[in-house]
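Below, read A as the first sequence line, B as the second, and so on, with proteins coming before strands; counting in each chain starts at 1.
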Amino acid sequence: MLRWVLAAGLVFGVGSARAGGVLTIAQAQDPNNWDPIATFLVPWGAVASNVFDGLVLRDEQLVLKPGLAESWEVLDGGMRLRFRLRRGVLFHNGEVFDAEAVRFTMARLLGPEGAKGPQQSNYTSIGSVDVVDPYTVDIVLKRPDPVMVSKLAGYGAMMVPPKYVAEKGGVEFGQKPVGTGPFRVVGYENKVSLTLEPAAGHWDGKPKVDRVVYRFIVEPNTQVAELQAGRVDVASNVPIALIPAITASAALQVVSTTGPSVTVLRFNTAQGPTRDARVRRAMVMAVDRDAIVKQILQGHAKAVTGFQSALSFGFDPGRAAVPFDPAGAKRLLAEAKVAPGTAVSLDFRSNDTTFREVAQAVAGYLGAVGLKVQVRPFEMNVFTNDIIPNGKTGEMFQMGWGGWTFDYDNTAYLMYHSGERWNPYDKDPGLDAMLEGQRLIVDRGEREAALRKVAGFVADHALELPLYNVDTYYGVNRRVKGLVVPPDNRLRLIGASVD
Amino acid sequence: MAEVGRFLLRRLGLSVFVVLVVTLLVAWAIRLSGDPAMMLAEGAGSVTEQDLRNIRAALGLDRPFWAQYGGFVGGMLTGDMGRSFMGGLPVARMVGQALPLTVMLAFLSLGVSLLVSVPLGVTAAVRRGGWVDQVIRVVSLVGLSFPNFWLAIMLVLVFSIALGWLPPSGTEGGVGLVMPVATMAVILSATNVRLVRSAMLEVLGAQYVTVARSKGLRETVVLYKHALRNCAIPLITFIGLQFGGLIGGVVVVERVFNWPGMGSLAFDAVASRDYPVLQAVVTVLAGMIVAVNLLVDVVYGLVDPRVRGQ
Amino acid sequence: MRFRSFEFIVGAGLTGAMVLAVVLADVVFEAGAEAMDLAMRLAVPFRSWAHPLGTDPLGRDVLARVVSGGRVSLTVGVLSVLSAAVVGTGAGLVAGYYRGVWDTVLMRWADVQLALPFILVALTFAAILGTDMWKLILFMAVAQWVQYARVVRSATMVLRERDFVVSAVAVGVRDPVIIWRHILPNAAAPVLVLMTLNVATNILLESSLTFLGLGIDPMVPSWGGMLADGRTYLQTAWWVSVFPGLAIMLTVLGLNLLGDWLRDSTDPTTRSVS
């Protein structure tokens with residue numbers, strides 16, 4: 001009971017201190033563990049990107065920029081990356097950041113501690129990390145990896161303090177994280193809130209707010225209610241349906257930006273009517289993507305022509321969309337001898353309220369060309385870990401992909417290469433060869449062309465029903481100034497302030 | 001008295017047995033539902049079988065089921081509930097933080113509901129067939145007509161957004177409790193009013209009430225002292241039965257009001273296949289439900305010797 | 001049987017109207033509940049005859065969906081309760097009449113089930129098995145039969161000691177006959193009350209499961225599903241969830257009033273009052 005009273009006091013305290021610049025952000029999920037090697041969750045990045053820095057960072061347009069490394073060069077034909085480190089950087093606990101910290105961080109990621117988490121597998125092309133001098137470090141690759149520098153801006157490669165981690169151990173570090181970022185963690189109550197305050201002397205400047213409070217609120221209705229009640233400044237999980245409720249208020253606004261995340265319906269190309277490419281093409285033609293984007297998603301998305309956004313390397317702006325053509329779809333279906341009333345099923349993740357509507361709209365469009373669609377919600381974990389990898393889906397299944405490397409390779413290889421976990425159905429030696437071949441190309445222009453060829457193959461064979469590239473958007477109180485919403489959800493709060 | 005002692009001992013033993021069976025069921029069911037290693041690797045592009053094996057070994061999931069279950073039960077006995085798969089926090093600490101919040105919510109709701117439904121139920125029974133009775137019954141049925149999450153959202157819309165009187169979520173002071181308790185109490189009262197009414201009706205027809213009335217006792221004394229006392233037993237029994245459902249309702253209500261109690265903990269644990277947390281939460285909740293029912297049975301058994309026999 | 005009581009007239013009227021509407025749904029709404037028109041999304045109610053109760057976020061007719069949604073909701077509510085009641089009553093009669101080992105096993109199992117928070121069990125099993133209407137009915141029946149078993153068992157235990165049962169046993173009437181003729185009718189009242197309450201509970205349970213992300217095919221309208229899906233529209237398009245909510249309310253009201261009436265007219269102890 002005492003704890004409860006104290007908590008009450010704390011929150012009221014926050015209320016009165018708001019004038020001094022406290023930014024309160026509602027976050028859907030508590031990652032539970034703030035250790036960079038332990039997670040892949042977007043909510044981790046949204047919070048922890050303010051606590052940790054990498055050697056390389058991305059700016060708000062997702063362009064790579066120097067982070068803890070002031071500069072880097074590519075040596076030995078791409079097999080050795082040399083980083084010159086920023087001097088005078090301290091971790092929040094006072095430890096000095098130097099080449100030894102880089103070596104420790106990477107060794108930890110690639111060693112037994114990293115093996116317990118999901119991040120390690122992205123960095124296995126690293127052979128060794130050599131300390132050249134206290135402020136110069138080499139990352140040596142054991143096999144070519146053209147996107148390694150990008151990956152160093154990823155979660156797993158965020159720099160951690162060697163002494164602190166060695167002293168406290170992984171579990172405590174995960175609860176009381178220490179980094180070099182612009183903010184330090186001053187309080188964390190599991191599943192309730194995390195509080196940040198500006199760290200002294202960050203190399204990129206001093207944050208404008210006095211404090212940032214993240215509150216973990218699962219239910220989107222509740223997030224929006226808190227936003228409307230003026231108790232949170234930023235709601236990160238706003239269902240499309242509630243956007244009009246936010247824009248109706250003079251004090252609130254919706255801030256959005258194009259994200260890299262693309263949603264498609266993939267086809268079961270191994271069983272059922274969708275084995276026939278004509279049937280798949282007919283289904284692509286039957287769905288009015290633009291209407292779905294305009295009506296259901298309220299314009300907060302863009303229709304796509306393939307499984308990548310315009311932010312992705314390999315995107316082809318010249319590729320034309322398959323036009324909405326129900327009559328043509330009917331003809332194709334008849335040609336493929338698919339009788340009207342043929343049953344197909346559309347499987348999706350049941351916790352996705354927005355897609356729940358999109359799925360029904362797709363079902364409606366397919367119904368209009370004579371297919372009888374059963375829409376089947378699956379619990380997320382079962383869906384992603386059993387139904388898809390084990391090839392138990394119906395004719396269509398929802399797939400969203402973040403494309404976090406902003407390179408079509410990351411999506412295409414995992415989705416279409418034979419034997420990959422996310423590819424239960426397609427087996428095409430020609431496609432496999434294209435996917436493997438582009439990985440060996442060093443020249444950017446040539447590789448881009450190769451990736452476009454892959455996308456062309458996928459579209460020609462109608463391996464998926466492209467839907468849209470949804471925006472990243474937040475409900476924001478207008479008293480918040482200078483909040484830049486990046487496409488990757490990693491809110492950088494250094495320039496934000498609260499009136 | 002020895003008989004009573006034996007009865008209590010036997011019931012206690014059975015309760016422990018019931019909780020054990022519950023733990024076994026839960027431990028078995030959650031292991032059917034998916035692999036937490038996959039969950040931890042969620043989003044990772046190129047997870048290899050070796051990555052998953054490493055994660056499983058780190059979580060102790062490479063041991064046979066009985067070893068895992070034995071470890072869990074042994075740990076529970078010594079108060080060590082293990083560590084969460086998600087973040088490695090000690091489960092005992094997580095449960096220790098969540099349990100008081102849920103207990104408070106459950107018992108306050110029950111209390112408020114009884115405070116409302118007993119007088120309403122008694123009045124309806126006394127005025128049986130009259131318009132007061134009809135109104136009370138119809139209104140109480142309205143309380144049965146919407147799911148708790150919907151009522152909760154409506155309360156938030158009215159009291160937090162339109163009127164701005166109460167916070168939409170959180171555990172701040174007493175005010176944070178008002179809407180969750182109100183939601184649960186409205187839903188509980190709908191059944192409780194009907195229960196009190198029908199129990200009262202049976203009692204009102206009984207001889208001792210007629211006798212009490214004929215002795216010239218005041219009506220309120222007859223009702224609340226003689227009659228109500230006698231319909232307490234079915235009411236208590238039903239509360240015992242309801243308690244499991246009450247806890248179930250808490251799961252949903254906690255989610256709307258972002259109440260960091262056992263329900264939220266359990267929901268997250270199911271979603272992330274956090275075996276140690278789910279096992280511990282269900283065991284503690286089951287223990288609570290069993291304890292409440294044990295109490296009910298004991299009261300019942302002490303009052304009615306027929307139940308004690310056998 | 002008193003057919004002129006408030007309970008009977010209102011209860012039978014409401015229940016009858018709901019059942020009739022659900023049965024006639026296909027005849028009246030030829031376009032059906034699935035006809036979608038994105039351009040007509042979220043049309044306001046009471047403005048046009050085409051969509052008297054407005055349209056949902058996909059431009060489907062709310063009235064048509066409410067009417068045909070009753071089919072799933074009533075089927076789920078009634079079938080789950082019927083199957084739970086039949087199994088539970090049978091088990092309760094046997095346990096209460098014969099006592100002994102079976103009684104112990106049954107009641108301990110009942111204790112185990114009552115100790116498990118149902119919604120968590122449903123969450124886990126829905127995750128493993130997936131959800132469709134029949135699985136939902138099965139979950140509910142499996143979860144609820146013990147309630148009936150408990151109620152019937154304790155009634156049976158008391159009835160077995162009554163004079164009319166004891167004397168029937170004495171003159172050599174066979175057990176099944178005693179149970180069927182003497183015990184079941186006298187234990188029926190609480191079962192009926194529980195059944196009418198549980199129909200409502202189960203219609204709402206379907207809604208809660210949808211809220212928690214475990215509902216059935218959203219293309220097949222159900223009141224609970226519509227209520228849950230409409231929750232995000234409460235601020236901007238109240239009609240999406242309020243009309244299915246009203247349908248649930250009227251049905252719950254009708255069924256429970258009917259249950260009250262049935263109980264009052266079959267239960268001798270309460271008939272004497274009033």
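Proximity to chain A (any heavy atom under 4.5 Å) is restricted, for B:Arg83, to the side chain, taken from C-beta onward. Looking at A:Gln223, neither its backbone nor its side chain comes within 4.5 Å of chain B, counting heavy atoms on both sides. Heavy-atom distances place both the backbone and the side chain of A:Val382 under 4.5 Å from chain B. If you measure heavy-atom distances from A:Tyr413 to chain B, you find no contacts under 4.5 Å at all. Looking at A:Gln228, only its side chain comes within 4.5 Å of chain B, counting heavy atoms on both sides. Proximity to chain A involves both the backbone and the side chain of B:Val256, based on heavy atoms less than 4.5 angstrom apart.
Residues meeting the side-chain contact (heavy atoms from CB on, under 4.5 Å) test with A:Asn221, sequence neighbours left out: A:Glu219, A:Leu242, B:Ile153, C:Arg231, C:Thr232. Applying the side-chain contact (heavy atoms from CB on, under 4.5 Å) test to A:Ala115 and every residue at least two apart in sequence or in another chain returns A:Gln120, B:Asn54.
Of all heavy-atom pairs spanning B:Pro168 and A:Thr222, the tightest one is O-CG2, 4.4 Å. Shortest non-hydrogen contact noted between A:Glu379 and B:Ala271 is OE2-CA, 4.1 Å.
Among A:Glu226, A:Gln175, A:Arg215, the residue making the largest number of heavy-atom pairs under 4.5 Å with chain B is A:Glu226. Heavy-atom pairs under 4.5 Å with chain B were tallied for A:Val218, A:Asp386, A:Ile217; the largest tally goes to A:Ile217. Top candidate by heavy-atom pairs under 4.5 Å with chain A, chosen from B:Ser169, B:Pro260, B:Ser160, is B:Ser169. When each of A:Val192, A:Thr124, A:Asn190, A:Asp35 is checked for heavy-atom pairs under 4.5 Å with chain B, A:Asn190 comes out on top.
With respect to B:Glu254 and A:Lys191, no salt bridge is recorded, no charged nitrogen being found less than 4.0 Å from a carboxylate O.
Distance check: B:Ser272 OG to A:Asn32 CG gives 7.0 Å after rounding to the nearest 0.5 Å.
More than 12 non-hydrogen atoms from other residues, nucleotides or ligands lie less than 6.0 angstrom from OH of A:Tyr188.
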